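Take a look at the structure set out below.
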Amino acid sequence: MSTTDNNGPFPSTDDDTRPLPSAGDGDGDGDGSVSSHGNDSGVASSVGAEVNLPRVPLALTAVRAGAALVAVVALGVTLWGGIEERGAALAFAVLIGMGELARWSGAEERESAPLAAAGALAYALLGENAGHPTHDGVPQIVAVVTAASLLGCVPHVAKGRGPTADHLTRRVLTVAFAAVCFQPLYNQGRLAEWVATGPAYAALVVALLLLTALWDAVLAAAMAHARTRWPFGPLLRDELRSTLGIGSAVCATGAVMALAVAVAGLWALPVFSLPLLLTQLSFRRYAAVRTTYRQTIASLARATEIAGYTPPGHARRVAALSRAVGRELGLSGPELTILEYAALMHDIGQLSLVDPVPAGATAALAPAEQRRIALLGGAVVRQTGVAAAVAVVVERQADPYREQPVSASIVRAVNAYEETAGEAGPEGPLRALEELRLGTARDYRPEVVESLARVLARDGLTLPLVG
């Protein structure tokens, strides 16, 4: 249900999220993107080390299995007892199915099918239909939403762009949560005793939707934590922040649909679906602008490679590994975006040099020369129109770590690691980390170095960990 971060001028790359698309170099994954953000695993292989194949964590498997069990039980109960209010069930099934058909295939947003989500929530909170009480029940609601979502996904699956298991898991568990909170109270007459009708009833529906949104955010963060082992707190914070985007529109539309159907009947569904469809169209156009922005930054980052100043793929490897370290340190979505853009452009100052640095390895240069190149890079970044915060990180990457922002410390440490590990053969990762730890007195922030070690160890490298 949640979608985007409110990042101001910075396009989000969170979520889930996909990383920056490449500008066409050969170390991408086929669709022009950096190694997946699902585990940031490709960054370890860039230094020639062996990486274990990813496995689905046990906790995530348990959550998916629980959602599947809920769906199967709901379908079985519904088929055994028959469908109540068939007209309403069919109408909401069509709405949810159409919402899935219109889903944003390949979207970066956390909720790529907002119309389906709003319809599912409205059905879970449906109490009356044109003034007549409904008695759909929790099993039927879950069964209808599950069946409609699966049917609506068929064309996308046939094209190889189907939703993930996590998407369907969240849909089932979120709708089940909303229905369990509302339907038993309504069918037993408790709601009529407490709030009757009018503004109090509408306020209760909105409150239940807010509670459902909180449940969805916690569920999404927990699943992401189980899948990636990133810190739970920042993940939850980003999920809650994202609710202010199209997630709030989904909640509002779900509430309005449920209240409108109670008064005007099922004809209210198409009427109140139109604004959300227009909102979805606007987000698609916004995403197209963001994609162009990202591609521009990726192209600028490749300028040093094309000119022969840095090895091919160096900027993208540093960006992917920097983002993973930032995640490990608990940076928020907007901070990760700034970090990733700065990491992509951290060597752009070398374009101003008359004589290229051998292999583009700036970590071995004298501190004064490193700072000069960093300042030149910051000046270039400012001239490109990229956000000033990115230029600050590029400018400060050569400063002593006690004077640096965390993002600049990450870029510096990861760049030094990548340069050293790439030159030292099979023992490169261990040697690079050893050199970074020896430099923690002045050059490298200790917590950044240890976070880098944890990221590499998690991705399958055998590394000595401290503490």
Side-chain angles (χ1 to χ4, degrees), residues 1-8 10-19 36-41 43 54 56-64 108-111 164 166-167 169-170 173-174 177 210-248 251 320-340 342-343 389 393 404-411 413-414 445-459 465-467:
M1 184 164 53
S2 56
T3 59
T4 60
D5 297 329
N6 185 12
N7 290 340
F10 303 107
S12 171
T13 56
D14 200 17
D15 200 336
D16 255 200
T17 81
R18 263 183 358 191
S36 171
H37 276 202
N39 54 18
D40 283 314
S41 59
V43 297
V56 179
L58 181 61
L60 187 60
T61 301
V63 174
R64 292 176 178 176
E108 301 162 24
E109 314 306 332
R110 291 182 178 87
E111 180 53 73
T164 64
D166 289 353
H167 164 78
T169 297
R170 285 175 57 190
L173 294 181
T174 300
F177 177 86
L210 293 176
L211 186 62
T212 303
L214 178 61
W215 159 257
D216 181 69
V218 172
L219 179 62
M223 294 174 68
H225 173 71
R227 183 175 61 253
T228 64
R229 286 177 285 183
W230 292 335
F232 176 77
L235 289 171
L236 179 59
R237 179 183 60 202
D238 288 343
E239 288 290 338
L240 292 174
R241 183 188 293 113
S242 71
T243 306
L244 299 177
I246 199 172
S248 59
C251 289
L321 187 49
S322 294
R323 187 177 181 92
V325 173
R327 279 284 191 187
E328 182 72 20
L329 288 170
L331 298 187
S332 66
E335 291 170 331
L336 289 172
T337 300
I338 296 171
L339 171 62
E340 189 169 17
V393 175
Q404 287 178 317
V406 174
S407 296
S409 298
I410 294 173
V411 172
V414 171
R445 194 182 296 263
E447 57 266 33
V448 170
V449 175
E450 296 311 317
S451 294
L452 172 60
R454 287 193 296 271
V455 168
L456 295 170
R458 187 172 63 225
D459 287 336
L465 295 181
V466 176

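Atom set for the values below is all heavy atoms of this structure, side chains included, hydrogens, waters and symmetry mates excluded. Owing to the predicted nature of the structure, the values given are computational and were not obtained by experimental measurement.
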For A343 and S322, which heavy atoms make the closest approach, and how far apart are they? CB-OG, 3.8 Å
Donor-acceptor under 3.5 Å (R445 side chain, Q404 main chain): yes
Of all heavy-atom pairs linking R170 and A220, the shortest is CZ-CB, 3.5 Å
Partners of A222 by side chain to side chain contact (heavy atoms under 4.5 Å, CB included), sequence neighbours excluded? F232
Sorted by chain and residue number, the side chain to side chain donor-acceptor pair (under 3.5 Å) partners of T169 (sequence neighbours excluded) come out as none
Less than 4.5 Å apart, any side-chain heavy atom of S409 and any of E447? no
With S407 via side chain to side chain contact (heavy atoms under 4.5 Å, CB included) - residues at least two apart: L331, L339, V393
When rounded to the nearest 0.5 angstrom, what is the spacing between OG1 in T61 and CZ in R227? 11.5 Å
Shortest non-hydrogen separation from A217 to L240 and the atoms involved: CB-CD2, 3.7 Å
For R64, enumerate each residue passing the side chain to side chain donor-acceptor pair (under 3.5 Å) test, keeping only those at least two apart in sequence or located in another chain. D166
Separation between CG (D238) and CD (E335), nearest 0.5 Å, reads 9.0 Å
Measure the spacing between CG of L219 and OG1 of T212 and express it to the nearest 0.5 Å. 12.0 Å
Tell me if a side-chain donor or acceptor on R454 pairs with a main-chain N or O of V325 at a distance below 3.5 Å. no
Which heavy atom of G326 sits nearest to which heavy atom of L336, and what is that distance? C-CD2, 3.7 Å
If the condition is side chain to side chain contact (heavy atoms under 4.5 Å, CB included), which residues does A413 pass it with, not counting sequence neighbours? Y444, V448
Can a donor-acceptor pair be found, under 3.5 Å and without considering hydrogens, that links the side chain of E340 to the backbone of T337? no
I need the E328 CD to I410 CD1 distance, nearest 0.5 Å. 10.5 Å
Does some side-chain heavy atom of H225 sit less than 4.5 Å from a side-chain heavy atom of P231? no
First locate atom CG of D216, then atom SG of C251, and finally report the distance between them rounded to the nearest 0.5 Å. 8.5 Å
How about F177 and L211: do any of their side-chain heavy atoms sit closer than 4.5 Å? yes
